[in-house]
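Note on naming: letters A, B, ... go to the chains in the order of the sequence lines (proteins, then strands), and numbering restarts at 1 for each one.
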Amino acid sequence: MLILRDIRKSYRIGPTEVDVLKGVDLDIHKGELTSIMGPSGCGKSTLMNIIGLLDRPTSGRFQLDGADVSYSNDDALSEIRNRRIGFVFQQYFLLSRLSAIENVELPLIYRGDRQGFTRERSMELLRRVGMADRAGHRPSELSGGQQQRVAIARALVGAPSLILADEPTGALDTKVGGEIMELFHTLNREDGITIVIITHDPGIARQCGSVAVMNDGVIVK
Amino acid sequence: MILATNLKEAARSLLSSKQRTILALIGIVIGIGSVIAMVSVGKIVQEESLRQFKEMGTDILTIEKEFGDSSGQSGKKSKTAQIKLADVVAMPGACPGMADVAPLVRGNGQAAYNGKKLDQASLLGVTESFLAINKMTISQGRFLTDMDAQSRYCVVGSKVAKDLQRLGARQVIGEQIRAGDNIFTIIGVTAEVLESGMRRFQPNESIYLHLTTALRLSSESSNGITTITARVSAGTSNTTARDQVLAYFAAPARGQAVRVSSPEEIIAQMEKQMQMFTLLLGAIGSISLIVGGVGVMNVMLVSVTERRREIGIRRALGAKRGDIRGQFLIESVILSLLGGLFGILFGIGASRLIAHFAHWQFLLSGGAILLGVGVSNAVGIFFGYYPARQASLLDPIVALKSD
Ligand SMILES: Nc1ncnc2c1ncn2[C@@H]1O[C@H](COP(=O)(O)OP(=O)(O)OP(=O)(O)O)[C@@H](O)[C@H]1O
Ligand SMILES: [Mg+2]
């Protein structure tokens, strides 16, 4: 479902050009649970942002569900992010002024769904991640693990085919991190959602169906 | 759905930075307030002129003796010599454009009833024609006629009658008023009328004596007949009549300088007064609106900078540029509309005050309120567009990575 060919990304800082991705080739199949590992600074997040259509590569070809998205315009990319991709970030990235359920609703609102439906569907996902009793709470009233659960509900609410999680357990202790990973496994197994997880934890990587190891801007394994 | 959510979000965001919101609003409030006051004062004056026309008719001229001799020499009395009653009475005969005249003498001295001073009341010497020309009526008793020349009868205005009752007069008619050494018997009360530009006296707060009585009793320093209200004959234009009057008084036999004003002139004068307000308010209004608009823009720019992370998150979740732009635009429009709302209240208050001091009847103009809403809306869109666009053009990943 994901095919990356010779993806390069370089940043220009003053006079020097920094090559962060130096030709990444990667295939991710439908229904796979893939982890990406690698030392800090090797370009994992950069790659993830390109896969998530938040950032554009300097060069290279990129197919998502058989369609080349390298040349799509901004609105089309927003549409794909909205319908086909769900993000889970290390720092949760919930909007602090909104309640848990309002955060979960956001992707549906940008899709233009009716309010009754968005509420119902969001509640359903909060239930799924075990946060139904906290629907009206603000993020500041939730623990890190709880916030990450709400964020996962938000990533799932639009029924995406791909979930991208950048160190989703990075800010959590082993126990809570394990619970979050358990949730990902269940989603992958039961719903067949394709999931890509960036992690530093070899234990977590070992549980995943496939592991890609990155080093210095290329996939080495 | 997006609109409803955006409205809610905007309200929340504005509430979360109240101080900044209020400061940004001040300019808008003053700006919209001035615009509202400007429009509503204009409306008030328009209505006022119409009312004056209706009240007095357009065929009335006011002739006033010109004071303040330009030569400044006290010896040159000829120009400020008193207008003789005989000359006034002869006017309709001498000027074909004059149908009727009503001369007026202002008496000096304080009137008293039962030993108590009537502070508000002033003495006016008038003739029989006075009542009809000034479109006044009698509510009790009768008015003075020319048969009452030199008599000790008087007619009082409606407010004076009320004062007398307050001071213990049971029946106003027949009661006696003292002015100086003279005692006057009340024979009538005039009905209450509006004070207006064409009635250059307080119709309800006067004690009317016959002109001859007033002239005889007035002291040496009195100015004699100061004002003449005249009705123009049917078929004669006010300008023609005015020229006749000016020529009549300028003739060698009289040699008096007079000033003639018509309702048109009074209305023109009122409109000039209004133009001044309009200019002033228009200037204040447009400057404040610009200042207020820049304030709104500033608040919105700060808001965009502070919420870059939020913008990044929303973009990641699928918000299009237009969604982000709409969200911030709605916020700035709400901000301006809020200012507009207070501005409308402020403007209504201001025009009420202006009407009060200019002695105009206050009225609320729906058009002004609509204009206020429209203008504040426009300010919100105009000054909010740039920040909203900035927000929408933020690169998703840059926004997301910022703190
Ligand atoms: N906007 C940018 N401008 C310049 N350099 C950047 C920019 N973004 C990332 N980089 C550089 O790209 C490299 C890769 O960064 P990236 O965030 O992808 O690393 P990572 O593998 O996710 O590391 P970590 O495991 O610590 O999260 C780093 O050296 C970083 O300095
Ligand atoms: Mg990273």
Side-chain angles (χ1 to χ4, degrees), chain A residues 9 11 45-46 48-57 73-99 102-119 138-139 151 154-158 160 164 166, chain B residues 1-18 20-21 299-300 302-331 334-335 388-403:
Chain A
K9 178 76 182 178
Y11 293 103
S45 296
T46 306
M48 179 75 96
N49 292 332
I50 288 172
I51 296 173
L53 305 175
L54 289 169
D55 206 357
R56 286 178 188 259
N73 69 17
D74 195 87
D75 275 4
L77 294 181
S78 301
E79 186 85 26
I80 297 172
R81 282 198 298 272
N82 182 256
R83 293 188 179 272
R84 310 231 293 260
I85 302 172
F87 291 95
V88 179
F89 301 97
Q90 181 177 357
Q91 308 97 308
Y92 327 127
F93 283 169
L94 298 175
L95 298 188
S96 56
R97 275 197 307 273
L98 306 187
S99 65
E102 285 170 326
N103 266 289
V104 175
E105 253 182 320
L106 280 172
L108 300 180
I109 287 171
Y110 286 121
R111 202 180 274 193
D113 283 343
R114 275 182 312 104
Q115 183 172 20
F117 171 76
T118 62
R119 272 290 139 117
R138 298 283 173 89
R154 181 179 66 183
L156 289 171
V157 77
L164 298 175
D166 191 347
Chain B
M1 182 58 205
I2 287 188
L3 188 74
T5 311
N6 276 349
L7 281 172
K8 203 162 75 180
E9 294 270 312
R12 265 190 217 170
S13 152
L14 291 173
L15 278 175
S16 68
S17 48
K18 279 191 207 76
R20 209 162 65 194
T21 304
V299 164
M300 292 313 298
V302 172
S303 178
V304 169
T305 312
E306 276 183 356
R307 289 156 68 191
R308 287 159 68 104
R309 167 71 61 80
E310 174 188 331
I311 293 166
I313 295 171
R314 288 178 184 275
R315 291 300 312 270
L317 298 179
K320 298 192 172 86
R321 284 191 173 145
D323 294 327
I324 300 294
R325 197 169 52 224
Q327 181 189 343
F328 282 92
L329 212 50
I330 281 179
E331 194 169 317
I334 286 186
L335 187 66
R389 192 180 133 82
Q390 293 290 93
S392 76
L393 290 182
L394 272 179
D395 191 40
I397 192 65
V398 172
L400 203 56
K401 279 186 176 174
S402 62
D403 40 27

key: Non-hydrogen side-chain atoms of B:Ile313 and A:Phe89 separated by less than 4.5 Å   = no
* Does the side chain of A:Asn82 come within less than 4.5 Å of B:Lys320's, by heavy atoms? -> no
Out of [options], which one racks up the most heavy-atom pairs below 4.5 Å with chain B?
| options | answer |
| --- | --- |
| A:Gly158, A:Ser78, A:Ser96, A:Gly52 | A:Ser78 |
| A:Arg81, A:Glu79, A:Gln91, A:Glu102 | A:Arg81 |
| A:Ile85, A:Asn49, A:Leu77 | A:Asn49 |

Exactly one candidate in A:Ile50, A:Leu53, A:Thr46, A:Leu54 meets side-chain contact (heavy atoms from CB on, under 4.5 Å) with B:Ile397; the answer is A:Leu54
Closer than 3.5 angstrom, by distance alone: can the side chain of A:Arg97 be matched with the main-chain N or O of B:Arg12 as a donor-acceptor pair? no
Indicate yes or no: does B:Arg315 engage A:Asp74 in a salt bridge with an N to O separation below 4.0 Å.
yes
Please identify, among [options], the residue contributing the most non-hydrogen atom pairs under 4.5 Å to chain A.
| options | result |
| --- | --- |
| B:Arg314, B:Lys8, B:Glu9, B:Glu310 | B:Arg314 |
| B:Pro396, B:Ala316, B:Ser13 | B:Ala316 |
| B:Ala319, B:Ser16, B:Gly312 | B:Ala319 |

Can you tell me which portion of [X] sits under 4.5 Å from chain B's heavy atoms? Options are side chain, backbone, both or neither.
| X | result |
| --- | --- |
| A:Arg83 | neither |
| A:Leu98 | both |
| A:Phe93 | both |

Here the gap from A:Asn73 atom CG to B:Arg321 atom CZ, rounded to the nearest 0.5 Å, amounts to 9.0 Å
